[in-house]
There are 2 protein chains.
Amino acid sequence: MCPASKSKHIPRATIQRLAIYLQVLDALDNENVEVISSERLAAACDVNPSQIRKDLAYFGEFGVRGVGYNVPKLIQSIKESLGTDRIWRVALIGVGNLGRSLLRYQGFLKRGFQIVAAFDCDPFKIGDTVAGLEVMCPRRMKEHVRDLHIEIGIITTPAERAQRAANHLIEADIRCILNFAAARIQVPEHIYVEYVDFFHHMYALTFKYCIGEAQRAEKTPSS
Amino acid sequence: MCPASKSKHIPRATIQRLAIYLQVLDALDNENVEVISSERLAAACDVNPSQIRKDLAYFGEFGVRGVGYNVPKLIQSIKESLGTDRIWRVALIGVGNLGRSLLRYQGFLKRGFQIVAAFDCDPFKIGDTVAGLEVMCPRRMKEHVRDLHIEIGIITTPAERAQRAANHLIEADIRCILNFAAARIQVPEHIYVEYVDFFHHMYALTFKYCIGEAQRAEKTPSS
DNA sequence: CCGTGCTTGTTCACTATTTCACAACGTGTG
DNA sequence: CACACGTTGTGAAATAGTGAACAAGCACGG
């Protein structure tokens, strides 16, 4: 499936950067840029050119020496490397505000994902239709996952119900979980979990700002 | 403001983990857990206990040897370290689907943030009221930022308009930008930017899954 | 068909981060 | 008051990731 990645260990940071390259490359492709050098791509992504070449080298040789990288080809290659050169079928659990927003969001398919089922344990929500999907009871999850070939579960419940949602997903043999709830969840070894919480980024901002200002104050010991 | 951080450089990864600790500690606090050891906290956060102790040591000595950490006190200490022991005033630019969701989201204040202004350049949206805030024209941003003491800007425009939104924010002397748009933005040196894109996490998931399955296949060279 | 110019892929030294291991030190008990 | 216990804070070792430098190799021009 994924082209082997040369059986070397690949840093997590590399994967995050690949996602960034993809974003920038998509923009370039829309502007019909055909070829780009690691140097110019690096400038756009705000990283070191060597870094880009090394990141890509984990997966193969995608460039042409003396020329650079063909943009559409590189996009395809990165997608293959990340495993998103196909559509992944996704279930969402927790049809609250956030859940509904995601269900209505049009951008999934373009990025290789398709939400094909929605679950919520609130009996008043079960049976409702959101963005063309009927909200279903989590107790029936296992059979739906099997029938619909679902591989990824997105948790958008309140924090206190995240673990229960995760248990439903695990029970239904889902191996990949994206957790938007503001809570850590416990899962067995063989399940992959990623956490999405934009407050983490907020904190990173306020922290960098504080540090930055403190250093400024040091350099300018005014008043 | 922030307690000095002992003037040592602090890894970015540490900041991300502090945000995680905070999340778990909040949950513990709600369960009225008073004291926790680095070992048990580490288990809940899925990191190494030494890691936690070292992360905290960057900012001070918060624990009691032989006992552990007082949960409420540690929460407070981490908040101070991150610079979120006060309310940050935030502006949002781009009142689309995502923007509206964020404006309506109730959880900001609890985490130390307050959205006090919303901007959109669509003349049909200007003047509308969303979650009690009047949508305003970005051209008037500078004065609003000054009058409302805004320090952080959140970009929720479509990707192609992210740079323009960023320019407005920079022009209005905002130093911290949280960018939800799927595009990189160019900013001067002294501006802090953080990117939020849950597809990055999606890709991390699919990638880990592919690698994991490949390794499985290796160990079990079946058929 | 060879040489020049340019950019990749890759090595290596360096820097940053994580983990280990243990000394330091409160707490509670006899 | 002294001792045993338990957990922190921290220096040192191991591991991981980054950036500079350069050899390799394609494209184009003469």
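Computed from a predicted model, the values in this text were never measured in an experiment. All heavy atoms count here, side chains included; hydrogens, waters and symmetry mates do not.
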Starting at CD1 of Ile10(A) and ending at P of dA16(D), how long is that distance when rounded to a whole Å? 14 Å

For a quick test of reading the model: is some side-chain N or O of Tyr58(B) closer than 4.0 Å to OP1 or OP2 of dT17(C)? no

Calculate the interatomic distance between Ile52(B) atom CD1 and dT17(C) atom P; express it in whole Å. 18 Å

Specify the residue among Gly66(B) and Val67(A) whose closest nucleotide of DNA chain D lies further upstream toward the 5′ end. Gly66(B)

Go through residues 27-39 of chain B and report each residue with a non-hydrogen atom lying under 4.0 Å from DNA chain D, sorted by number. Ser37(B), Ser38(B)

Nearest-Å distance for atom pair CD/C1', residues Gln16(B) and dT18(C): 15 Å

Over how many whole Å does the gap from Arg65(A) atom CZ to dG25(D) atom C1' extend? 5 Å

Roughly how far apart are Ile152(B) CD1 and Thr206(A) OG1, rounded to 0.5 Å? 6.5 Å

Measure NZ/Lys54(A) against C1'/dT7(C) and give the value in whole Å, please. 17 Å

Distance (rounded to the nearest 0.5 Å) between Leu205(A) CG and His200(A) NE2: 14.0 Å

Integer-rounded Å distance: dG11(D) C1' and Gln51(B) CD: 16 Å

Is any side-chain nitrogen or oxygen of Arg12(A) closer than 4.0 Å to OP1 or OP2 of dG17(D)? no

Separation of His9(A) atom NE2 from dT18(C) atom P, in whole Å? 12 Å

Atom pair distance, as rounded to whole Å: CG in Asn48(A) and C1' in dT15(C): 13 Å

Under 4.0 Å from OP1 or OP2 of dT18(D): is there any side-chain N or O of Arg53(A) that close? no

Taking side-chain contact (heavy atoms from CB on, under 4.5 Å) as the test, write out the residues that go with His201(B), two or more places apart. Leu178(A), Glu194(A), Val196(A)

Donor-acceptor pairs are to be reported for all side-chain atoms of residues 164-174 of chain A against protein atoms at under 3.5 Å, with residues two or more places apart or in another chain.
{"from": "Asn167(A)", "atom 1": "OD1", "to": "Gln163(A)", "atom 2": "NE2", "distance (Å)": "3.0"}
{"from": "Asn167(A)", "atom 1": "ND2", "to": "Gln163(A)", "atom 2": "O", "distance (Å)": "3.4"}

